[in-house]
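For reference, the structure discussed in these notes is given below.
This one's a predicted model, so the numbers in the text were calculated from it and none came from an experiment.
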Amino acid sequence: MGKRMRGRRVPLNPIRTFEVAARCLSFTAAAKELNVTQVAVSRQIRALEEYLEVSLFERSHRSIRLTENGQRLFPAINRALDDIDGAVAAVSMRGRRDVLSVHTHTTFGQRWLIPRLQRFHDRFADIEIRLTASAHPVIDARANQVVIRTGTGRFDGCDAEFLAPVELIPVCTKALTKSWKVKSSPANLARHTLLHSLARPNDWAQWLASVGMTTIDATRGLKFENSVLAYEAALQGIGVAMGVRVLVAQYLRLGSLVAPFPHVLPLDLGYYLLVSKDRRISPGIKVFRDWLRDEISAELS
């Protein structure tokens, strides 16, 4: 049997028929899905069994079930057909646009993703990104969609890939620090307005506690709906915002904001790319995932 199987290709029609019949556990249902007769389904299954020289189904009067050999074969056939579908989809992208929905937090979308989307478009013009943002991005299993959000890594119904850590670091304009006698002392914060994001209400308290500044009221200052507005207030010199390092790295590199204190506080959170477990990963998702990983790696290196 081994020599014969290596000498010629496995018959594809029986393989496809087997996959449907094994998934449905019904020759009648398989015939309906394949738009053929039940006799044709039985004939294809029998041809595959004769080719393999094993039984794949146990047949009774009213039902069928997979044999041990059938149970071993079914997941492997499923994976192989998924690979074929993915390869065909990748080839057929030529001449059409692959539409990918990306849903993320408002701040990540506005302050990190949007400034880089032109680079993505220049490299992958055949993939159309449709970006939406909210305070609590959720996955839509019916769409060709990814979600970028923060969490601990466990998301119900989703496969999650870690992208970047959530690390807290205060940021402000350089002009705001010019009068400080001890440049790196967090005690200077007592003289300035703290800028808060209501979407991240505990950031200042956690960072101040980590540097022992328990005498500074972590709740005082100005409060904004989200970090986008808090960062904008910092850019205008109004006060000191608590930045998430991956989101403010570009401002620090350009010099529009500075990090006046060396202490960075890592949280037990990260940014993750989520894809529904119920959805096959499309070529567009794979391209976007790899690009996103490279961009974040370059940002934090």
**Item:** Greater than 12 external heavy atoms within 6.0 Å of R59's CZ
**Value:** yes

**Message:** Suppose we screen for ring-ring contact (aromatic ring centres under 6.0 Å, His included). Which residues come up paired with Y251, at least two apart in sequence or across chains?
**Reply:** none

**Item:** Polar side chain donor-acceptor pair, H105 to W112, under 3.5 angstrom
**Value:** no

**Residues which pass side chain to side chain contact (heavy atoms under 4.5 Å, CB included) with R62, listed by chain and number, not counting sequence neighbours** = none

Taking distance alone, no hydrogens or angles, what donor-acceptor pairs closer than 3.5 Å link side-chain atoms of residues 40-48 to residues at least two apart or in another chain?
unit_1 : atom_1 : unit_2 : atom_2 : d
S42    : OG     : Q38    : O      : 3.2
R46    : NH1    : E49    : OE1    : 3.2

**Item:** Heavy-atom check, side chain of V244 versus side chain of R111, under 4.5 Å
**Value:** no

**Request:** Considering non-hydrogen atoms only, spot the tightest contact between S184 and P262 and give its length.
**Result:** CB-CD, 4.2 Å

**Request:** Using the test side chain to side chain contact (heavy atoms under 4.5 Å, CB included), find all partners of V138 that sit at least two apart in sequence or belong to another chain.
**Result:** none

**Interatomic distance, L198 atom CG to F224 atom CZ [nearest 0.5 angstrom]** = 9.5 Å

**Item:** CD on E295 to CG on L117, rounded to 0.5 Å
**Value:** 9.5 Å

**Item:** Close side-chain approach of F74 and R23, heavy atoms under 4.5 Å
**Value:** yes

**Item:** Shortest non-hydrogen contact between L131 and G109, atoms and distance
**Value:** CD2-O, 4.5 Å

**Request:** Please name the pair of heavy atoms, one in R191 and one in S179, separated by the smallest distance, quoted to 0.1 Å.
**Result:** NH2-OG, 3.5 Å

**Residue D122 excluded, over 12 heavy atoms near CG under 6.0 Å** = yes

**Request:** Under the side chain to side chain contact (heavy atoms under 4.5 Å, CB included) rule, what do E33 and C24 come out as? Steps first, then yes or no, please.
**Result:** CA-CA 9 Å; E33 181 172 328; C24 298; 3.9 Å; yes

**Prompt:** Should the heavy atoms of other residues, nucleotides or ligands under 6.0 Å from NZ of K223 be counted, would the total exceed 12?
**Reply:** yes

**Request:** Name all residues meeting the side chain to side chain contact (heavy atoms under 4.5 Å, CB included) criterion together with S63; count only those two or more places apart in sequence or in a different chain, and write none if there are none.
**Result:** S60

**Prompt:** With a cut-off of 6.0 Å (strictly less than), are more than 12 heavy atoms of other residues, nucleotides or ligands near CD of E58?
**Reply:** yes

**Item:** Over all atoms of both residues, closest heavy-atom pair of P260 and T177
**Value:** CB-CG2, 4.1 Å

**Message:** Under 3.5 Å, is there a donor on one side chain and an acceptor on the other for S282 and N144?
**Reply:** yes

**Side-chain ion pair, R293 and D290, N-O less than 4.0 Å** = yes

**Asked** Out of curiosity, H196 NE2 to R220 CZ, how far, rounded to the nearest 0.5 Å?
**Response** 7.5 Å

**Prompt:** So, for D217 and L194, which heavy atoms are closest and what is the spacing to 0.1 Å?
**Reply:** O-CD1, 3.8 Å

**Item:** Between CZ on residue F18 and CG on residue L56, distance to nearest 0.5 Å
**Value:** 5.0 Å

**Item:** Gap separating the OH atom of Y231 from the CG atom of L195, nearest 0.5 angstrom
**Value:** 11.0 Å

**Request:** Dump the intermediate steps for side chain to side chain contact (heavy atoms under 4.5 Å, CB included) on F162 and I296, then the final yes or no.
**Result:** CA-CA 11 Å; F162 178 79; I296 289 179; over 6 Å; no

**Interatomic distance, F120 atom CZ to I127 atom CD1 [nearest 0.5 angstrom]** = 4.0 Å

**Prompt:** Got a sec, which pairs hit salt bridge (Lys or Arg N to Asp or Glu O under 4.0 Å) with one end in residues 240-261, sequence neighbours left out?
**Reply:** E167-R245, R253-E299

**Prompt:** More than 12 heavy atoms of other residues, nucleotides or ligands under 6.0 Å from CD of Q206: is that the case?
**Reply:** yes

